[in-house]
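Contents: one structure, followed by commentary.
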Amino acid sequence: GAGVSQSPSNKVTEKGKDVELRCDPISGHTALYWYRQSLGQGLEFLIYFQGNSAPDKSGLPSDRFSAERTGGSVSTLTIQRTQQEDSAVYLCASSGGGTATNEKLFFGSGTQLSVL
Amino acid sequence: AQRVTQPEKLLSVFKGAPVELKCNYSYSGSPELFWYVQYSRQRLQLLLRHISRESIKGFTADLNKGETSFHLKKPFAQEEDSAMYYCALRTGNTGKLIFGQGTTLQVKP
């Protein structure tokens, strides 16, 4: 595709419900990242996938958050039992995945999650 | 711990004035620094990276290891520069970036 695609663009849910956010990276990109963007917190790293390696989950804020990447392409971020503090824009990015200096991230347009 | 700090949430200047967006980092190894920008209703995108020593849209940034800083500068701000700017640090040999809290630049006519 032309770029990183995220769906849905907006999601409104009730507190306590589970949500799934989807990311389609740029074709051929082996690295995929999830970030959370909220006022006052900037861009928080959540999780990073690189090829077939074990993902770097060091940024996940709690065990209610999980992510998977199927077939080395599409990724789903799942938030269970959503809380109001989960409200934010969830950004996905992908990159070529090399270890070269200057690795550039390409971002999607994000999913705006609102937990009522 | 690895950390990026952007002390200003909002920077407001008049068109034609010089601009400096501050960024400080904490990292014990050899850092790679980047500036990303998000214009209104657009995606977050790379502006420039320290290793390239490039000037993009009139912006430059110099890595100062002694002061652990990577401030973004432009001598004459334009209205189209109004956006959210994020400083980012890459550590190790992965693509993972640690971002700062972001600074909103507002250039007034």
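All chains are named by letter (A, B, ...) in the order of the sequence lines, taking the proteins before the strands, and each is independently numbered beginning at 1.
- Side-chain N or O atoms of Y33(A) include none that pairs as donor or acceptor with a backbone N or O of L97(B) at under 3.5 Å.
- Only the side chain of Q37(A) comes within contact range of chain B, with at least one heavy atom under 4.5 Å from a heavy atom of that chain.
- Of the atoms belonging to S94(A), not a single heavy atom falls under 4.5 Å from chain B.
- Residue pairs meeting the disulfide bond (SG atoms under 2.5 Å apart) criterion with at least one partner in residues 5-36 of chain A, sequence neighbours excluded, are C23(A)-C92(A).
- Around CZ of R64(A), the count of heavy atoms belonging to other residues, nucleotides or ligands within 6.0 Å exceeds 12.
- Closest of all the heavy-atom pairs between K96(B) and Y35(A) is C-OH, 4.3 Å.
- Residues F34(B) and L47(B) do not share a hydrophobic cluster, clusters being chains of Ile/Leu/Val/Met/Phe/Trp/Tyr side chains in contact below 4.5 Å.
- Within the structure, the disulfide bond (SG atoms under 2.5 Å apart) test picks out no pair touching residues 30-67 of chain B (sequence neighbours left out).
- The same ILVMFWY cluster, assembled from side-chain heavy atoms under 4.5 Å apart, contains both V37(B) and W35(B).
- In the hydrophobic clustering of ILVMFWY residues, with side-chain heavy atoms under 4.5 Å counting as a link, Y48(A) and F99(B) come out together.
- More than 12 heavy-atom neighbours from other residues, nucleotides or ligands sit within 6.0 angstrom of OH on Y39(B).
- Cluster membership check: F70(B) shares its hydrophobic cluster with F59(B), using side-chain heavy-atom separations under 4.5 Å among Ile, Leu, Val, Met, Phe, Trp and Tyr.
- The part of Q38(B) that comes within reach of chain A is its side chain, from C-beta onward, which places non-hydrogen atoms under 4.5 angstrom from that chain.
- More than 12 heavy atoms of other shown residues, nucleotides or ligands fall within 6.0 angstrom of atom NZ in K108(B).
- Remark: E80(B) CD is packed, more than 12 non-hydrogen atoms of other residues, nucleotides or ligands lying under 6.0 Å away.
- Remark: the backbone N or O of V4(A) is paired with a side-chain donor or acceptor of R43(B) at under 3.5 angstrom.
- For residues 73-85 of chain A, heavy-atom neighbours of chain B at less than 4.5 Å comprise no residues at all.
- By the criterion of side-chain heavy atoms lying less than 4.5 angstrom apart, applied directly or through intervening Ile, Leu, Val, Met, Phe, Trp or Tyr residues, L105(A) is grouped together with V89(A) in one hydrophobic cluster.
- Scanning residues 109-116 of chain A against chain B with a 4.5 Å heavy-atom cutoff picks out S109(A), ordered by number.
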